[in-house]
Amino acid sequence: MTQIINFAHRGASAVCPENTMVAFRKALELGATGIETDVQMAKDGKLVLIHDESVNRTTNGQGWVKDYTFDEIQQLDAGSWFQESFRGEHLPSLEELLLLTKDKETIINIELKNGIIQYPELEERVIATIRSFGMEDRIVISSFNHYSLVKCKSIAPEIRTGILYMEGLYEPWEYAKTVSADALHANKYAVLPEWIEEAKANGIVYHPFTVNDSEEMKRLIVAKVAGIITDHPDRLHHLLQIEGA
Ligand code: G3P
Ligand code: MG
C-alpha cells in the first residue's frame with residue numbers, strides 16, 4: 001500500500017464548513033490519513049482553528065480573531081455560512097483536533113497563520129499543546145513565515161516543519177536545509193517530478209497543495225510525492241487504492 005499522506009485541506013472542506021470538527025471527522029470517514037488546519041490566536045492566547053485573521057467570512061460574527069476571547073469565539077456560528085444544515089458548528093481549539101486524532105495514526109499539518117499578524121508566542125503555545133498530547137512525531141508545522149519555522153525548530157527539533165511557498169524557488173531542498181525544514185509545502189504549480197527525486201536525495205519531502213483535480217493527483221502520485229493536500233480526500237483515497245503502490 002502507498003504511504004502517500006492524504007491531507008484533507010481544512011478538513012473535508014469541499015463538503016463541510018472548513019476547519020470545523022464536522023469537517024475533520026468527515027475527512028477521516030472519507031479516507032484522509034492527514035489533516036491540514038490553520039491556527040490563529042484569540043485575545044486570551046487560546047489557539048483557534050480558522051483560516052482568516054478575521055471571523056467575517058466563515059462565521060456569523062465580525063472582527064479580528066485577536067480581539068475575541070476564546071469563549072466569545074466559541075459562541076459564533078461557523079457552519080451556517082456554508083450550509084444551513086451545519087448551523088451550530090463552532091470554531092475549534094487546537095486541543096479539540098488533537099483530542100480527536102490522538103489515538104489514531106493521522107498526521108496533523110498545523111499551519112501557523114502568522115504572516116499578517118505576529119501573534120506573541122504562537123510557536124511556544126502550539127508546541128506546548130502538541131507536547132501535552134505527546135504527538136510530536138505525528139505533526140508537521142508549516143507556515144509561509146519561515147522565520148517562524150526556524151523558531152519552531154529551535155524550540156522543538158523533534159517536530160517536523162514544512163516551508164509553504166507559491167513560487168518556483170530554485171533548488172528549494174537547499175533552501176529548506178538553511179531553515180532546517182523537513183518538507184516542501186509547495187503550491188502545486190511549483191513541483192516538477194525531477195525535483196521530487198532530487199529533494200528526496202537531499203532528505204526533503206514534498207507535500208504540495210491544494211490539489212483537487214484527479215489528473216493532477218495522479219501525476220503527483222506517480223512522481224512519488226510524500227503527501228498531497230486536497231479539499232477532496234475521498235477522490236485521493238480512491239486513486240491511492242487503485243494505484244495500490
Ligand atoms: O497548507 C496548505 C495551504 O493551506 C496553504 O494555503 O491559504 O489554504 O492556508 P491556505
Ligand atoms: Mg492552510
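The first residue in the sequence is number 1, and the count goes up from there. Whatever order the structure lists them in is the order used to number ligands and atoms, beginning at 1. Worth saying up front: this structure is predicted, and the values here are computed from it rather than measured.
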Of the choices Tyr165, Phe144, Phe209, Phe7, which has the non-hydrogen atom that lies closest to atom 2 (C) of ligand 1?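 The option holding the nearest heavy atom is Phe209.
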Residue [X] vicinity, atoms of ligand 1 by number, heavy atom under 4.0 Å:
| X | answer |
| --- | --- |
| Arg10 | 7 (O), 8 (O), 10 (P) |
| Asp38 | 9 (O) |
| Lys113 | 7 (O), 9 (O), 10 (P) |

Does either side chain, that of [X] or that of [Y], offer a donor lying less than 3.5 Å from an acceptor on the other one?
| X | Y | answer |
| --- | --- | --- |
| Glu111 | Ser142 | no |
| Ser13 | Asp231 | yes |
| His237 | Asn6 | no |
| Thr59 | Asp77 | no |

Considering distance alone, does some N or O of His51 sit under 3.5 Å from an N or O of ligand 1?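 Yes, since at least one N or O of His51 sits under 3.5 Å from an N or O of ligand 1.
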Is the closest N or O pair between His185 and ligand 1 shorter than 3.5 Å?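 So ligand 1 has no N or O lying under 3.5 Å from an N or O of His185.
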In the protein, which heavy atom is nearest to [atom], and how far is it?
| atom | result |
| --- | --- |
| atom 1 (O) of ligand 1 | Glu36 OE2, 2.8 Å |
| atom 5 (C) of ligand 1 | Glu111 OE1, 3.4 Å |
| atom 3 (C) of ligand 1 | His9 NE2, 3.5 Å |

Check the orientation of His207 and His185. Use parallel for under 30°, tilted for 30 to 60°, and perpendicular for over 60°.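 The arrangement is perpendicular - the two ring planes meet at more than 60°.
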Metal-centred angle, OD1 of Asp38 through the Mg ion (ligand 2) to OE1 of Glu111, rounded to 10 degrees: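 Asp38 OD1 and Glu111 OE1 form an angle of 90° at the Mg ion (ligand 2).
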Minimum-distance N/O/S atom that Glu36 presents toward the Mg ion (ligand 2):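 Result for Glu36 and the Mg ion (ligand 2): OE2.
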For a quick test of reading the model, state the closest non-hydrogen atom pair linking Ile130 to Ile159 and the distance between them.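 Here Ile130 and Ile159 meet closest at CG2-CD1, 3.9 Å.
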Counting heavy atoms not belonging to His146, are there more than 12 under 6.0 Å from its NE2?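 More than 12 heavy atoms, drawn from other residues, nucleotides or ligands, come within 6.0 Å of this atom.
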Please indicate whether Lys200 has more than 12 foreign heavy atoms, meaning atoms of other residues, nucleotides or ligands, lying under 6.0 Å from its NZ.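 Yes.
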